[in-house]
Amino acid sequence: MLKNYAHELYISEEMGVIKPDPAFFAQIFEQMGVTAENCLMIGDSLASDVLGANRVQMDSCWVNVERRKNPTPICPTYEIHSLLELLELL
C-alpha cells in the first residue's frame, strides 16, 4: 500500500545496514540528495525507526496502531494511530 505513495522504500536487509544505525540513514540521504531536515521517518518501532531518526536529527512519526503506551525514553516527533492520520501531517 505505501509503495503507491512513497518515492522509494528502503529495507535494512537490502542495504546491508540496519536501523537505528545512522549509516542506514546516511546512505538514503546520499542516494536521494537530501538532508535529515527534509525527511520524515515513518515507522512502527520506537527502538529502530524512531531512535534511528532521533540519532540523525530527523523528524519521526510513530505509527502506534495498537495505542500502546511508550515504555521508553525514545520520543517521536509525531504519533499516529492510523496511516490515514498521515494526511494531516504531510
Side-chain angles (χ1 to χ4, degrees):
M1 179 174 114
L2 287 178
K3 284 185 178 183
N4 297 331
Y5 301 98
H7 172 71
E8 188 72 46
L9 295 178
Y10 296 92
I11 301 168
S12 298
E13 292 80 12
E14 294 175 5
M15 295 175 62
V17 62
I18 60 171
K19 300 172 284 182
D21 189 328
F24 173 87
F25 298 96
Q27 282 186 32
I28 295 168
F29 298 152
E30 183 177 333
Q31 182 179 347
M32 293 186 71
V34 299
T35 63
E37 294 81 24
N38 303 111
C39 298
L40 174 66
M41 175 67 208
I42 302 166
D44 63 353
S45 171
L46 289 167
S48 63
D49 301 324
V50 176
L51 179 60
N54 289 353
R55 287 182 173 172
V56 296
Q57 289 79 49
M58 178 171 47
D59 284 344
S60 62
C61 179
W62 180 31
V63 182
N64 183 8
V65 176
E66 297 174 358
R67 298 180 183 260
R68 294 173 285 148
K69 191 171 189 174
N70 182 349
T72 75
I74 302 166
C75 296
T77 311
Y78 307 100
E79 178 180 339
I80 61 173
H81 304 109
S82 160
L83 288 177
L84 292 175
E85 292 177 62
L86 274 176
L87 296 174
E88 297 173 21
L89 297 178
L90 304 176

Compile the donor-acceptor pairs under 3.5 Å between side chains in residues 12-28 and protein atoms, sequence neighbours left out, one pair per line.
{"residue": "Lys19", "atom": "NZ", "partner": "Asp49", "partner atom": "OD1", "Å": "2.5"}
{"residue": "Asp21", "atom": "OD1", "partner": "Ala23", "partner atom": "N", "Å": "2.8"}

Inset, instruction - Check each of Asn64, Asn70, Asn54, Leu51 against Pro76 using the side-chain contact (heavy atoms from CB on, under 4.5 Å) test, and report the only one that passes. - result: Asn70
Distance-only criterion, 3.5 Å: show the donor-acceptor pairs between side-chain atoms of residues 82-90 and protein atoms not counting sequence neighbours.
{"residue": "Ser82", "atom": "OG", "partner": "Leu84", "partner atom": "N", "Å": "3.1"}
{"residue": "Glu85", "atom": "OE2", "partner": "His81", "partner atom": "N", "Å": "2.8"}
{"residue": "Glu85", "atom": "OE2", "partner": "Ser82", "partner atom": "N", "Å": "3.0"}

Inset, instruction - Mind jotting down which residue pairs meet the side chain to side chain donor-acceptor pair (under 3.5 Å) criterion with at least one end in residues 29-41? Sequence neighbours excluded, please. - result: Thr35-Glu37, Thr35-Asn38
Donor-acceptor contacts, no H, no angles, side chain residues 39-48, under 3.5 Å, sequence neighbours left out:
{"residue": "Ser45", "atom": "OG", "partner": "Ala47", "partner atom": "N", "Å": "3.4"}
{"residue": "Ser45", "atom": "OG", "partner": "Ser48", "partner atom": "N", "Å": "3.1"}
{"residue": "Ser45", "atom": "OG", "partner": "Ser48", "partner atom": "OG", "Å": "3.0"}

Legend entry - Cys61 backbone acceptor or donor facing Thr77 side chain under 3.5 Å: no
Inset, instruction - Using salt bridge (charged side-chain N to carboxylate O under 4.0 Å, His left out) as the criterion, list what pairs up with Arg67, not counting sequence neighbours. - result: none
Inset, instruction - Only pairs at least two apart or in different chains count here, so list each salt bridge (Lys or Arg N to Asp or Glu O under 4.0 Å) that has a residue in residues 51-66. - result: Glu66-Arg68
Legend entry - Pairwise salt bridge (Lys or Arg N to Asp or Glu O under 4.0 Å) hits with a residue in residues 73-82, at least two apart: none
Inset, instruction - Indicate, with yes or no, if Leu9 and Met32 share a hydrophobic cluster defined by side-chain heavy-atom contacts under 4.5 Å among Ile, Leu, Val, Met, Phe, Trp and Tyr. - result: no
